[in-house]
Amino acid sequence: EVQLVESGGGLVQPGRSMKLSCAASGFTFSNYGMAWVRQAPTKGLEWVATISYDGSSTYYRDSVKGRFTISRDNAKSTLYLQMNSLRSEDTATYYCTRDWYTTDYYYFDYWGQGVMVTVSS
Amino acid sequence: DIQMTQSPASLSASLEEIVTITCQASQDIGNWLSWYQQKPGKSPQLLIYGATSLADGVPSRFSGSRSGTQYSLKISRLQVEDIGIYYCLQAYSAPLTFGSGTKLEIK
């Protein structure tokens, strides 16, 4: 059974840093791209960042570029999101997702339960 | 950025009724479109990928279609367990963009 379990969230002051982790199990982690998707309270879904199966390629939305870093440790089957210079607008539930990419499709086929990040003084 | 205009924002329908949700892409995205269901208090789940392909384990009453740059999700016979918020996602180009969501309730 595929499982994605996020951790590392909580309350953080504006301008500070936080690192999220996502422990994956039930599949060969090193074969899949992964992504982070967030959802502000009572709002819709927003893609944050994607990393390729081997970590060689990363992609970010403009609002987090230069502040957030997505990375992975395939030996530990773990995905990370390092978030620096946090802003109030980064307050959201962050979901770890597994992506499925072919020449015809790209989609998120499994999602974690989510971890809440609150940026506030 | 590609805009995904989703409608309606909310929808109230009766059990067994046919329900249709649409997403209009601001440019051609081919079949790089997927649909997700988010039940209250839960994580989103994949329903449809490639605009028309049903994800594993998803009931056959769900279906997806495409007409040009307009994409539709149809629920053929609405069930109680279908309540939630539905989102489309375009993955044709970065940044990936979701529709604004459709909140589905039972009348």
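Between the CG atom of B:Leu96 and the CG atom of A:Leu45 there is a distance of 12.0 Å, given to the nearest 0.5 Å. Atom CZ of A:Arg98 is separated from atom CG of B:Leu46 by 10.5 Å, given to the nearest 0.5 angstrom. For the atom pair CD of B:Gln38 and CH2 of A:Trp111, the computed distance is 8.0 Å after rounding to the nearest 0.5 Å. Atom CD of residue A:Gln39 and atom CZ of residue B:Phe98 lie 9.0 Å apart, to the nearest 0.5 angstrom. In this structure, the separation between OH on A:Tyr106 and CG on B:Leu89 is 8.0 Å, given to the nearest 0.5 Å.
Following chains of ILVMFWY side-chain contacts shorter than 4.5 Å, one can reach B:Ile85 starting from B:Ile21, so the two form part of one hydrophobic cluster. Following chains of ILVMFWY side-chain contacts shorter than 4.5 Å, one can reach B:Ile83 starting from B:Leu104, so the two form part of one hydrophobic cluster. Cluster membership check: B:Ile106 shares its hydrophobic cluster with B:Ile75, using side-chain heavy-atom separations under 4.5 Å among Ile, Leu, Val, Met, Phe, Trp and Tyr. The cluster map of Ile, Leu, Val, Met, Phe, Trp and Tyr, joined by side-chain heavy atoms under 4.5 Å apart, puts B:Val19 and B:Leu15 in the same cluster. A:Tyr110 and A:Val5 fall into different hydrophobic clusters, where Ile, Leu, Val, Met, Phe, Trp and Tyr are joined by side-chain heavy atoms under 4.5 Å apart, directly or via other members.
There is no contact between B:Thr97 and chain A, counting heavy-atom distances below 4.5 Å. Heavy atoms of B:Tyr36 lying under 4.5 Å from chain A belong exclusively to its side chain. Heavy atoms closer than 4.5 Å to chain B are found nowhere in A:Val48, neither backbone nor side chain. At a 4.5 Å heavy-atom cutoff, the contact between A:Asp104 and chain B is made by backbone atoms alone. Interface remark: A:Tyr101 contributes side-chain atoms only to the contact with chain B (heavy atom separation under 4.5 Å). Contact annotation for A:Glu46: only backbone heavy atoms (N, CA, C, O) come within less than 4.5 Å of a heavy atom of chain B. In this structure, no portion of A:Thr97 lies under 4.5 Å from any heavy atom of chain B.
Looking only at heavy-atom pairs under 4.5 Å with chain B, the residue among A:Tyr95, A:Tyr59, A:Tyr60 that has the most is A:Tyr95. Ranked by heavy-atom pairs under 4.5 Å with chain A, the first of B:Pro44, B:Ala51, B:Gly99 is B:Pro44. Interface summary for chain A: among B:Ala55, B:Ala91, B:Ser53, the most heavy-atom pairs under 4.5 angstrom belong to B:Ala91. The residue among B:Pro95, B:Ser43, B:Gly30 with the most heavy atom pairs within less than 4.5 Å of chain A is B:Ser43.
Around NZ of A:Lys65, the count of heavy atoms belonging to other residues, nucleotides or ligands within 6.0 Å exceeds 12. Dense packing is recorded around CZ of B:Arg61, with more than 12 heavy atoms of other residues, nucleotides or ligands lying under 6.0 Å away. Residue B:Gln45 places its CD atom among 12 or fewer non-hydrogen atoms of other residues, nucleotides or ligands, all under 6.0 Å distant. Other residues, nucleotides and ligands contribute more than 12 heavy atoms inside 6.0 Å of the CZ atom of A:Phe27.
Aromatic ring pairs are classed by plane angle as parallel below 30°, tilted from 30° to 60° and perpendicular above 60°; the pair B:Tyr49 and A:Tyr105 is perpendicular.
In terms of heavy atoms, A:Trp47 sits closest to B:Ala94 at CH2-CB, 4.4 Å.
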